[in-house]
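Chain A is the first sequence line, chain B the second, and so forth, proteins listed ahead of strands; every chain is numbered from 1.
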Amino acid sequence: MGEERKRCIMDTLLLSRIQFAANISFHILFPTITIALGWVLLFFKLRFNRTGERKWMDLYMFWVKVFALSFALGVVSGITMSFQFGTNWPGFMETVGNIAGPLLAYEVLTAFFLEAVFLGIMLFGASRVPGWLHTTATFLVAFGTTMSAFWILVLNSWMHTPAGHEVVDGVVVARDWWAIIFNPSMPYRLAHMLLASGLTVAFLIAGLSAYRWLRGDRAPATATGLRVGVMLGAVLIPIQILAGDMHGLNTLEHQPQKVAAMEGNWETQGNVPLLLFALPDEDTRSNAFEIGIPSMASVILKHDPAGVVPGLNDFVAEDGTVMHPPVAPVFWSFRVMVGVGMLMLVVAWAGAFLMWRRGAESLPRPYLWGLTGMTFAGWVATLAGWYTTEIGRQPWLVQGVLTVEQAVGDIASGMVLSTLLAYMAIYVALLAAYIGVLFHLARRGGVLYEPVSSPGMQPAE
Amino acid sequence: MFDPVVLPFIFAALMGVSILLYVVLDGFDLGVGLLFPFADEAERDRMIASIGPFWDANETWLVLAIGLLLVAFPVAHGDILTALYLPVAVMLIGLILRGVAFEFRAKAPLGHKRPWDVAFWAGSSMTALSQGFMLGMYIMGLQWTWPTVAFATLTAGALAVAYSFIGAGWIILKTDGALQRKAVDWAKGGIWGVVLGMGAVSAATPLVSQRIFDKWFSFPEVALLAPLPLLSGALVVSLWWALRRLPMEGDRFAWYPFVGATALMVLGFGGMAYSFYPYIVPEQLTIWEAASSTEALSIILVGTLFVLPVILGYTVLAYFIFRGKATKLSYD
């Protein structure tokens, strides 16, 4: 292979990676909202069916609009991704298609159609179907989004911790579907992601409700939305911290190089400090400006101050080939995720305490502004978490089976660059429009609704 | 569990059905978007209302079709999509614009509605044109030369007009009054584009390869194929006859343009499938050469056989619930 051609492929590889990263980062924002929001909508609908109180229907009508918008953005960006497997990463399906194929097919068959068809009934069918069918449609949409998350996380987990397969002539063949689906990291990753979705929605609801309250919207739905959001956050965040810790221990077992990068730990040793700040440098293979809590990483990961934690230097081949992920991005995105998580803990519990003492109607204004500022905190934590785990998988695409470099397609780098720029421009514009419209809807808030008259919106007797 | 000779055929058939359903169902959605510039604002709201509950599920057939290509014929998936890299990207951006504009136009501040309408039209156009372009390139064996690109440009325009035609048929079916009369006029214009497009594809396809030429014109195969052009011709004539008389009293035959357009698409698709079978990458890769392992196909097929009837069932349910003329689109 000529030098020139080799350089070209490296450009294509880098650009294809940036393009896929941009696409999947944009995409995951919206399922993160719809997965949990579907269940919250079902909760609103069931509360309305039970109590007949107008505020529950107001909440339903407001958040179903956010759901519809988020769903549309999730669908279109998801379709883009499914095409990019073929256009940019043909080696992926050619090598692991026998595993990834059925999993993706089952996602489309069991989840995608279910969501898409019943979404129509959920959004527009209230005046045409009886109440029970509308409630059922809401349930099926929530169920469909969760099933979708299940299949996708099965595949993603399998890429991190492959199991139940065999490699025959360079192609992966399925041997045990039970082992493939319930691969070692799947339960942890699924729980961690579903909780992340719940927290994202909790802070989204709390944030927009706080914003409405600050704008003087005193509708009963505003205070109730505030209460639902803060309480959901307060309940989920400790569970999430626990689930995240267990996921980390699972990663330590199956992908030690990723944990080594998360901890910024170069040498396999005991008494590893928990670094609060450091600048990892892969040239010197050490950290600058370390600030840490002595032995704490050993305690967290091994429950013993002298516990031996794997180091990055174990993952360099004899010939100098680095087989561990780039350290600084993994190290820092992990800290961003944990930092936002801790902030969520403080804010949600402070809010729960304040509500318990003074009620949702008299929260202090600075606290409400804080909640408004954290409207999209879940996005930041979710993205940072995905960057930790996905960059932490490098240089592998499927751990131990296929590298990213082996999977990239042979497309002229100029072509990839042009599509990358087009996608980026659209994503930035759509993200701005999305956030703008959410706050616009919040400002219109209480004046949005016409009297409830359709059969699907009547409480059940 | 399943026969390795039959399995790829079943999957090719499933993929064909998905593509056909996509072309008909999202075809009318996209057509409605293509017709946007000819309608005023109130009419546009009503046009949107006529496709509101359906478009999301309609688009899912594309996901299933491309998913089946991906999982059942991974090598062909890579070959076809890398050859069509740019038109695929244009289509994806079009689909993004179309899908989000749909939601944004109803929720954005009032002053922003018009730009989102433009985005809706632009997204629908990009999607329709790039799909037509890909169709042309596929017929031409995925070779990028000046004549093939010229042909693909022709099919791009033809498919966009065909989508507009079935979209107009949908509007005739789902609306009444001035908008319905307008849609009849749109359909009258569109039908000639459909005739041109089907004519161009029919003229070019047998010239691409000797194999297809023989399949078309040697005896007794010619007898097999003959009903296709004859039926298509009869359909076009009857559609023209109906369009000149629509709308009729009591809304009689308002369903006919949509059903007729669907039948035309089915015939056109049948002709294509007949010509290219058994190749999935034209003249290069047959469905058996490109198929995944029998194990993988079997496990997908089991699920498909269970789930597909259910999907079809609730799709029919949705169309039944939202039957009749489209009214104002509202969430309650």
Side-chain angles (χ1 to χ4, degrees), chain A residues 61 64-65 68-69 71-73 75-77 79-80 82-83 85-87 90 93-94 97-98 100-102 104-106 108-110 112-114 116-121 123-129 173-174 177 409-411 415 419 422-423 426 430 433 437 440-441 450 452-454 456-457, chain B residues 49 52-54 56-60 62-64 66-72 74-75 77-82 84-86 88-89 91-93 95-100 102-104 106-109 112 292-293 295-296 299-300 303-304 307-308 311 314-315 317-318 321-322 329-332:
Chain A
M61 299 308 288
V64 85
K65 291 183 177 63
L69 191 60
F71 191 88
L73 280 153
V75 168
V76 294
S77 55
I79 291 177
T80 313
S82 67
F83 274 91
F85 288 139
T87 53
M93 286 310 282
E94 280 160 23
N98 289 326
L104 290 170
Y106 271 84
V108 176
L109 288 169
T110 62
F112 224 16
F113 275 105
L114 198 67
V117 171
F118 285 98
L119 182 72
I121 298 175
L123 292 180
F124 309 115
S127 58
R128 287 174 179 256
V129 299
V173 181
W177 277 101
D410 186 14
I411 306 273
M415 210 131 88
T419 55
Y423 284 128
I426 290 212
L430 288 182
V437 165
H440 168 74
L441 286 175
E450 290 144 29
V452 179
S453 59
S454 20
M457 292 302 173
Chain B
F54 310 113
D56 223 327
N58 292 346
E59 199 173 288
T60 308
L62 176 67
V63 181
L64 183 64
I66 202 69
L68 286 172
L69 178 64
L70 178 76
V71 302
V75 185
H77 179 262
D79 281 2
I80 294 172
L81 290 190
T82 41
L84 298 175
Y85 188 84
L86 279 184
V88 166
M91 175 186 77
L92 292 173
I93 290 172
L95 284 172
I96 292 176
L97 279 181
R98 192 272 299 245
V100 301
F102 203 100
E103 296 293 334
F104 274 121
K107 296 173 187 69
H112 296 182
S292 295
S293 74
E295 292 84 9
I299 196 154
I300 303 171
T304 310
V307 181
L308 208 56
I311 293 174
Y314 58 63
T315 303
L317 173 73
I321 288 172
F322 295 102
L329 191 68
S330 89
Y331 278 5
D332 50 31

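Between A:Leu430 and B:Phe104, some side-chain heavy-atom pair lies under the 4.5 Å cut-off. Put simply, the side chain of B:Glu59 reaches to within 4.5 Å of the side chain of A:Val76, judged on heavy atoms. The shortest side-chain heavy-atom distance between B:Val100 and A:Leu69 does not fall under the 4.5 Å cut-off.
For the pair A:Ala72 and B:Gly99, the tightest heavy-atom approach, listed with the atom from each and the gap, is CB-O, 3.9 Å. Of all non-hydrogen atoms in A:Met93 and B:Pro74, the two that sit nearest each other are O-CB, 4.0 Å. Annotation for B:Val88 and A:Phe83: closest pair CG1-CD2, 3.7 Å, computed over non-hydrogen atoms. In plain terms, the two heavy atoms of B:Ile300 and A:Pro102 that are nearest each other are CG1-CA, 3.6 Å.
With sequence neighbours left out, B:Thr315 forms a side chain to side chain contact (heavy atoms under 4.5 Å, CB included) with A:Val117, B:Ile311, B:Tyr319. A search for side chain to side chain contact (heavy atoms under 4.5 Å, CB included) contacts involving B:Thr60 returns A:Phe112, A:Phe113, A:Ala116, not counting sequence neighbours.
Contacts between B:Ile66 and chain A at a heavy-atom distance below 4.5 Å involve the side chain alone, from C-beta outward. The part of A:Thr419 that comes within reach of chain B is its side chain, from C-beta onward, which places non-hydrogen atoms under 4.5 angstrom from that chain. When heavy atoms are compared at a cutoff of 4.5 Å, A:Leu104 approaches chain B solely by way of its side chain, counted from C-beta outward. Residue A:Leu109 touches chain B through both its backbone and its side chain, counting heavy-atom pairs closer than 4.5 Å. Contact of A:Ala174 with chain B is not made at all, since no heavy-atom distance falls under 4.5 Å.
Ranking B:Ala72, B:Gly303, B:Gly67 against chain A, the residue ahead of the rest is B:Gly303, based on heavy-atom pairs under 4.5 Å. No other option in B:Thr82, B:Val75, B:Leu97 has as many heavy-atom pairs under 4.5 Å with chain A as B:Thr82. If you tally non-hydrogen atom pairs under 4.5 Å between each of B:Leu70, B:Leu308, B:Leu95, B:Leu86 and chain A, the highest count goes to B:Leu70. Among B:Leu84, B:Leu69, B:Leu317, B:Val63, the residue with the largest count of heavy-atom pairs under 4.5 Å with chain A is B:Val63. Per-residue counts of heavy-atom pairs under 4.5 Å with chain B were compared for A:Ser77, A:Ala433, A:Ala100; the largest is that of A:Ala433. Your options are A:Ala422, A:Gly97, A:Gly120, and the one with the most heavy-atom pairs under 4.5 Å with chain B is A:Gly120. Among A:Asn98, A:Val108, A:Val437, the residue with the largest count of heavy-atom pairs under 4.5 Å with chain B is A:Asn98.
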Legend entry - Test side chain to side chain contact (heavy atoms under 4.5 Å, CB included) applied to B:Asp56 and A:Phe71, step by step: CA-CA 10 Å; B:Asp56 223 327; A:Phe71 191 88; 3.5 Å; yes
Legend entry - side chain to side chain contact (heavy atoms under 4.5 Å, CB included) between A:Tyr423 and B:Leu92, worked out: CA-CA 9 Å; A:Tyr423 284 128; B:Leu92 292 173; 3.4 Å; yes
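Here the CD1-CG distance, from A:Ile79 to B:Leu62, works out to 6.0 Å after rounding to the nearest 0.5 Å.
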